[in-house]
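See structure below.
Chain identifiers are assigned alphabetically (A, B, ...) following the order of the sequence lines, protein sequences preceding nucleic acid strands; residue numbering begins at 1 within each chain. Please read all numbers here as calculations on a predicted model, not as lab measurements.
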Protein chains: 2
Amino acid sequence: MSSPKSRRRGGATIDLVLCSARAGRLHVLVVKSASGKPVLPFVWSVDGETLEETARELAKDITGHGIPWMAPGVATASKKHPAESALSVPFVGVMSATTPTASGSAWVAVDALPALAPRQKALAEGALETLRLHMDVAPVAFRLLPPAFTLSELQQVYELLLGRRLHKASFRRALQAAYLAEPTDEWRSEGRGRPAQLFRYSPRKRRGGHRSVRFDLIGR
Amino acid sequence: MSSPKSRRRGGATIDLVLCSARAGRLHVLVVKSASGKPVLPFVWSVDGETLEETARELAKDITGHGIPWMAPGVATASKKHPAESALSVPFVGVMSATTPTASGSAWVAVDALPALAPRQKALAEGALETLRLHMDVAPVAFRLLPPAFTLSELQQVYELLLGRRLHKASFRRALQAAYLAEPTDEWRSEGRGRPAQLFRYSPRKRRGGHRSVRFDLIGR
DNA sequence: ATGAATAAGTAACATTTCGCAACTAATGTC
DNA sequence: GACATTAGTTGCGAAATGTTACTTATTCAT
């Protein structure tokens, strides 16, 4: 897990919570530790690099791909870490469920986690909150999907993140008004029902773009 | 800065970015280090305590008061720290500008910071982003005010956080619809103009409370 | 005192957004 | 071909929001 050049700077590890959406549930990537137990990927903090740079390198080592969106999570020092690190600085990344998963790693649902070390379990469970915090301001939902996706898929991801069902027509109207997605000329037939048009994330420059006051979510 | 019981766990410091709003600008609390230079309050991470617990204790030591709202910031390992800590875990707290400031500490505007160590300067400059990230979901603006405040004061804090002017009537209607503030029977005369009624933050149980899709802020 | 200046607070109206239901369209299954 | 299933659209009433204008209460200058 720890490359030869790494030093145990500060006894802090960078822990990765890589997320994808499968079957309407949030999943995180789990690997096997040297002792065979399931762990979130982690690495000792490396001098001379940004924490996020280190996290992205680790992610690339594990998945073989760059991570389309990533944000820092909530640093945690309490509870037991698999490598006994004093402090974990988590990074929460998202990727498409269609990205091939390397052997030795597995996607597990966050609401049915295996026997992770307590700290890593808490980090994984905190990932959804981090995603929710950023989803209004960053293309989190879009990055949980492959480059081409259907609007139903996008809506399902939003429903997963928000934890509630959405209305189809309202969802599409709002999306269109924001000029965030562009239709491609491709269609996908999922078996039953009418084929769906594929869209691409392509934010166009918008006028206005001023955020308004939002009282409705304060205090639960 | 570092109490006798503290150990340099992990070479990580907890750095405090205490914020208040004064004259329409965001201010942070700066203290004098042993060598006389201005620094953000910090402490070496303490074993057996939650990071936030440690941060709250430090804040109480510095200000003499509890902090009405606090959130973890973005952990940073790059740039120079005043104590050469390998890693900073910042906490961003807010308090009323009316809270008496202890001697030896001073409020400075974030857009006119003194010669802080580069890392702490970056932490202070990142505070506004952290506040913005949470303001829709937590009573950040209310906690930047004293328990009793006028609606104009509240609006000014929102304008500071959002970075733009708001319309008075819309602001008040939205606030009323959210059942977040309760009028007191007190009024305050600020010198010129009609006296303003004082309000108190008192979130009442609301029906619904379901958050909606928000595309309008994605991708700047 | 009277009235200008200033700031708080309200009312009314146009515009936009949103929730909802009903509808059309394209595909697979029996 | 009838039917189930999923995608996508349309129209309407309700609710939220932006804007302008107005009223109320106070200080300050004359």
Side-chain angles (χ1 to χ4, degrees), chain A residues 23-24 136 145-146 148-160 162-200 206-218, chain B residues 23-24 135-136 145-146 148-159 162-200 206-218:
Chain A
D136 289 341
L145 292 170
F149 52 85
T150 72
L151 295 190
S152 295
E153 288 171 339
L154 182 63
Q155 182 173 340
Q156 282 165 23
V157 170
Y158 266 97
E159 290 175 343
L160 168 60
L162 292 171
R164 73 184 193 91
R165 304 276 280 126
L166 297 173
H167 287 278
K168 185 170 52 164
S170 303
F171 180 80
R172 291 172 185 225
R173 257 180 317 197
L175 177 64
Q176 190 140 43
Y179 298 101
L180 285 177
E182 198 175 49
T184 69
D185 52 359
E186 289 176 283
W187 295 71
R188 175 193 302 161
S189 191
E190 206 61 64
R192 53 215 161 278
R194 172 176 172 174
Q197 189 168 20
L198 294 181
F199 287 73
R200 192 184 313 283
R206 281 159 285 151
R207 62 274 175 183
H210 45 207
R211 61 175 299 171
S212 53
V213 211
R214 308 211 186 276
F215 290 120
D216 50 323
L217 298 173
I218 292 179
Chain B
M135 63 179 288
D136 290 340
L145 291 169
F149 51 86
T150 71
L151 296 190
S152 296
E153 288 171 338
L154 182 64
Q155 181 173 341
Q156 281 164 24
V157 171
Y158 266 97
E159 291 175 342
L162 292 171
R164 72 184 193 92
R165 303 278 278 125
L166 296 174
H167 285 278
K168 186 173 49 167
S170 304
F171 180 81
R172 290 172 184 225
R173 255 183 320 197
L175 176 64
Q176 189 139 43
Y179 298 101
L180 286 177
E182 200 175 49
T184 69
D185 53 358
E186 290 177 282
W187 296 71
R188 176 191 301 161
S189 192
E190 207 59 66
R192 53 215 164 280
R194 174 176 173 172
Q197 190 168 17
L198 293 181
F199 287 73
R200 194 182 313 283
R206 278 160 287 153
R207 64 274 175 183
H210 43 208
R211 62 174 298 171
S212 54
V213 211
R214 307 207 189 280
F215 290 120
D216 50 322
L217 298 173
I218 293 179

First of B:Q156 and B:A169 reached from the 5' end of DNA chain C, by closest nucleotide: B:Q156
Measure the distance from CD on B:Q176 to C1' on C:dG9 and round it to the nearest whole Å. 11 Å
Distance (rounded to the nearest 0.5 Å) between B:T184 OG1 and B:E182 CD: 9.0 Å
Within the modelled atom types, does a donor on one side and an acceptor on the other bring the side chain of A:R173 and the base of C:dG19 under 3.5 Å apart? yes
Locate the shortest heavy-atom distance separating B:R188 from B:A148; write the atom from each residue and the value. NH2-O, 3.8 Å
Do the side chains of B:D136 and A:R211 get close enough for a salt bridge, i.e. N-O under 4.0 angstrom? yes
Between C1' on C:dA8 and CZ on B:F199, what's the gap in Å once rounded to a whole number? 10 Å
Length of the line joining B:R172:CZ and C:dT10:P, which is rounded to integer Å: 7 Å
B:A196, nearest nucleotide to its side chain (from C:dA26, C:dA8, C:dG19): C:dA8
Sugar-phosphate only, base, or nothing, as touched by A:S152 at under 4.0 Å among non-hydrogen atoms: sugar-phosphate
Send over the distance from B:Q155 CD to C:dA7 P, rounded to a whole Å. 13 Å
On DNA chain C, more 5' by nearest nucleotide between B:S212 and B:L151 is B:L151
Rounded to whole angstroms, how far apart are CZ on A:R214 and P on C:dT17? 12 Å
Nearest heavy-atom contact between B:F215 and A:L180 is O-CD1, 3.6 Å
Sequence-distant partners of B:R172, salt bridge (Lys or Arg N to Asp or Glu O under 4.0 Å), two or more places apart: none
Using a cut-off of 4.0 Å on non-hydrogen atoms, how would the nucleic acid contact of B:E190 be classed: base, sugar-phosphate, or nothing? nothing
Could you grab the distance from atom OG of A:S212 to atom CZ of B:R214, nearest 0.5 Å is fine? 7.0 Å
When rounded to whole Å, the CZ to C1' distance for the pair B:F171 and C:dG9 reads 14 Å
Expressed in angstrom and rounded to an integer, what is the separation of A:L175 atom CG from C:dC18 atom P? 12 Å
Leading and trailing nucleotides of DNA chain D with any atom under 4.0 Å from heavy atoms of chain A: D:dT5 to D:dC12
Report the residues that fulfil salt bridge (Lys or Arg N to Asp or Glu O under 4.0 Å) with B:R165, sequence neighbours left out, ordered by chain and then residue number. B:E159
Between P of C:dC20 and CG of A:L166, the distance in whole Å: 11 Å
